[in-house]
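Have a look at this one before I ask anything.
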Amino acid sequence: MEKNGYKWATNKHEFNMENKKLISIVLPAYREEKNVPFIYKELQNVIKTISDRYDYEIIYVNDWSPDNTWLEISKLCAADSHVKWVNLSRNFWKEIALTAWVEKSNWDAVITIDVDWQHPVKYIPDFIEKWEQWFDIVYNVRPKIKWASMIKKVSSWLFYKLFNAISEVRIESGTTDYRLIDKKVVKIFLSFTEKNRLYRWIVDMIWLNKCPLVFDALPNPEWRRPSYNYIKLYHLAINSLTSFSVFPLKLVWYMWLLITIFSSLLFIIMLFDKIWIVHLGFTNLAIVVVINTILIWVVLMSLWLMALYIARIHEEVIWRPLYIVRDEINF
Ligand code: UDP
Ligand code: MG
């Protein structure tokens with residue numbers, strides 16, 4: 001920036017002597033001792049092709065892996081000052097590990113990649129190219145998942161249909177965490193404080209100028225159990241629905257309406273049955289039992305829905321830190 005004849009540096013980018021743009025590549029790692037050096041080598045091959053135009057840092061966030069992941073990362077840190085390392089104090093789970101880097105990076109763009117080979121690093125230049133064309137968020141979308149099970153496909157389809165029907169924000173199906181976000185997106189991302197979070201959906205919420213890159217992310221390798229099994233996916237779905245929409249609370253009102261209409265109709269039929277033409281032969285006890293069962297179901301369902309939100313409020317108001325850092329190396 002030119003001002004009164006002096007050149008003022010307004011951001012980190014302008015301090016850079018060669019005026020290269022700065023790119024952060026972030027890799028959350030849990031039980032990845034084999035993959036940490038492997039993906040580093042792969043990254044070097046790609047970085048070679050862009051290093052004349054961009055400066056870079058590689059941040060490994062070690063989510064307190066019980067294996068030798070830390071050792072592999074520390075070897076890379078000692079050998080290459082571009083490699084940085086954040087060590088969390090315990091296992092905070094992938095979404096939080098992904099969030100942990102954001103506070104560390106003050107760079108022009110950030111790219112997030114899984115360490116387990118699922119996200120082919122050869123596409124990094126494509127992400128950057130789209131970003132240079134003024135997109136703030138460049139994200140990977142899978143064309144069609146061939147390797148997922150039928151149950152997973154159907155439940156995923158149902159979830160996205162339901163979510164987009166009842167929530168004010170739209171989320172896209174088939175997207176992955178393999179993303180590039182501009183630093184203005186990082187800034188907005190940091191203002192989201194919820195503890196129950198999914199990185200890609202918060203980014204989806206921010207929206208801005210998005211550009212999908214369609215290519216197949218690979219399935220989880222056989223030796224790795226996916227972070228999300230069916231039970232975790234169920235909790236994730238419930239958490240997401242309750243954090244993006246209050247429709248389930250309003251559902252109680254719809255149920256009340258439905259029961260009112262249903263019981264009024266039943267009451268009218270019973271009147272006819274007792275005093276007039278038709279004789280369907282309901283016993284009084286049968287009618288009472290059925291109505292009571294339905295009412296109890298509605299009351300329990302309503303309580304469950306409210307409990308979901310109260311649990312969320314409880315989690316959010318106790319203001320614990322999102323994550324705790326034990327070490328930061330090469331920063
Ligand atoms: N990961 C993490 N903490 C965890 C679990 C996973 O940082 O508690 C990392 C993992 O090392 C990988 C990425 O998050 O780089 C994706 O994890 P995973 O493959 O288990 O997730 P999925 O492929 O099922 O989404
Ligand atoms: Mg994986």
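Counting starts at 1 for both ligands and their atoms, following the listed order.
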Worksheet item: Which is it for Lys94 and ligand 1 at heavy atoms under 4.0 Å: side chain, backbone, both or neither?
Response: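 Both of them.
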
Item to complete: Check each atom of ligand 1 against the heavy atoms of Glu32 and keep those under 4.0 Å away; list them by number with element.
Response: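 The atoms of ligand 1 under 4.0 Å from a heavy atom of Glu32 are 10 (C), 11 (O), 12 (C), 15 (O).
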
Worksheet item: Quick one: are the ring centres of Phe38 and Trp117 less than 6.0 Å apart?
Response: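 Between Phe38 and Trp117, the centre distance is under 6.0 Å.
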
Discussion item. Whether Lys94 and Asp177 form a salt bridge (side-chain N of Lys/Arg under 4.0 Å from carboxylate O of Asp/Glu) is what I want to check.
Written reply: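 Yes, charged N to carboxylate O under 4.0 Å.
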
Worksheet item: Which bit of Pro28 is near ligand 1, meaning a heavy atom under 4.0 Å away: side chain, backbone, both or neither?
Response: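 Pro28 to ligand 1: contacts from backbone and side chain alike.
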
Worksheet item: Which bit of Asp63 gets closer than 4.0 Å to ligand 1, counting heavy atoms only: side chain, backbone, both or neither?
Response: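 It is the side chain that touches ligand 1; the backbone stays farther off.
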
Practice prompt. Kindly indicate whether the side chain of Leu258, heavy atoms from C-beta on, has any atom under 4.5 Å from the side chain of Tyr254.
Written response: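 No, side chains not in contact.
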
Discussion item. Heavy atoms only, cut-off 4.0 Å: how does Asn91 contact ligand 1, side chain, backbone, both, or neither?
Written reply: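 Within the 4.0 Å criterion, Asn91 contacts ligand 1 through side-chain atoms alone.
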
Fill in: Parallel, tilted or perpendicular: ring planes of Phe127 versus Phe215, cut at 30 and 60 degrees
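Perpendicular, since the angle between the ring planes exceeds 60°.
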
Worksheet entry | cation_pi(Arg200, Tyr178) dist<6.0 Å, angle<=45 |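 No, a cation-pi geometry is absent between Arg200 and Tyr178.
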
Discussion item. Under a 4.0 angstrom heavy-atom cut-off, which atoms of ligand 1 come close to Ala97?
Written reply: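 Counting from 1, the qualifying ligand atoms are 7 (O).
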
Discussion item. Within the 4.0 Å heavy-atom shell around Asp114, which atoms of ligand 1 are there?
Written reply: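 Reading through ligand 1 atom by atom, the close ones are 13 (C), 15 (O), 16 (C).
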
Practice prompt. Pull out every atom of ligand 1 sitting under 4.0 Å from any heavy atom of Ala29, numbered as shown with elements.
Written response: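 In order of number, 7 (O), 11 (O).
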
Worksheet entry | Pair Asp52 + Lys20: basic N to acidic O under 4.0 Å |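 Here Asp52 does not pair with Lys20 in a salt bridge, since their nearest N and O are not under 4.0 Å apart.
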
Practice prompt. For this output row, return yes or no: ring centroids of Trp93 and Tyr199 closer than 6.0 angstrom.
Written response: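 They do not qualify: ring centres at least 6.0 Å apart.
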
Discussion item. Test of understanding: given a 4.0 Å heavy-atom threshold, classify the contact between Gln118 and ligand 1 as side chain, backbone, both, or neither.
Written reply: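 Side chain only.
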
Discussion item. Report the atom name of the nearest N/O/S atom of Asp116 relative to the Mg ion (ligand 2).
Written reply: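 Within Asp116, restricted to N, O or S, the Mg ion (ligand 2) is closest to atom OD2.
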
Item to complete: Could you walk me through whether Tyr60 and Glu32 pass the side-chain hydrogen bond (donor to acceptor under 3.5 Å, both in side chains) test, one step at a time?
Response: CA-CA 11 Å; Tyr60 286 98; Glu32 304 280 11; over 6 Å; no

Fill in: Any N/O pair Val115/ligand 1 closer than 3.5 Å
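Indeed, backbone or side chain, Val115 has an N or O that close.
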
Worksheet item: Within the structure, does Ile113 bring an N/O atom to less than 3.5 angstrom of an N/O atom in ligand 1?
Response: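 N/O-N/O distance under 3.5 Å: no.
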
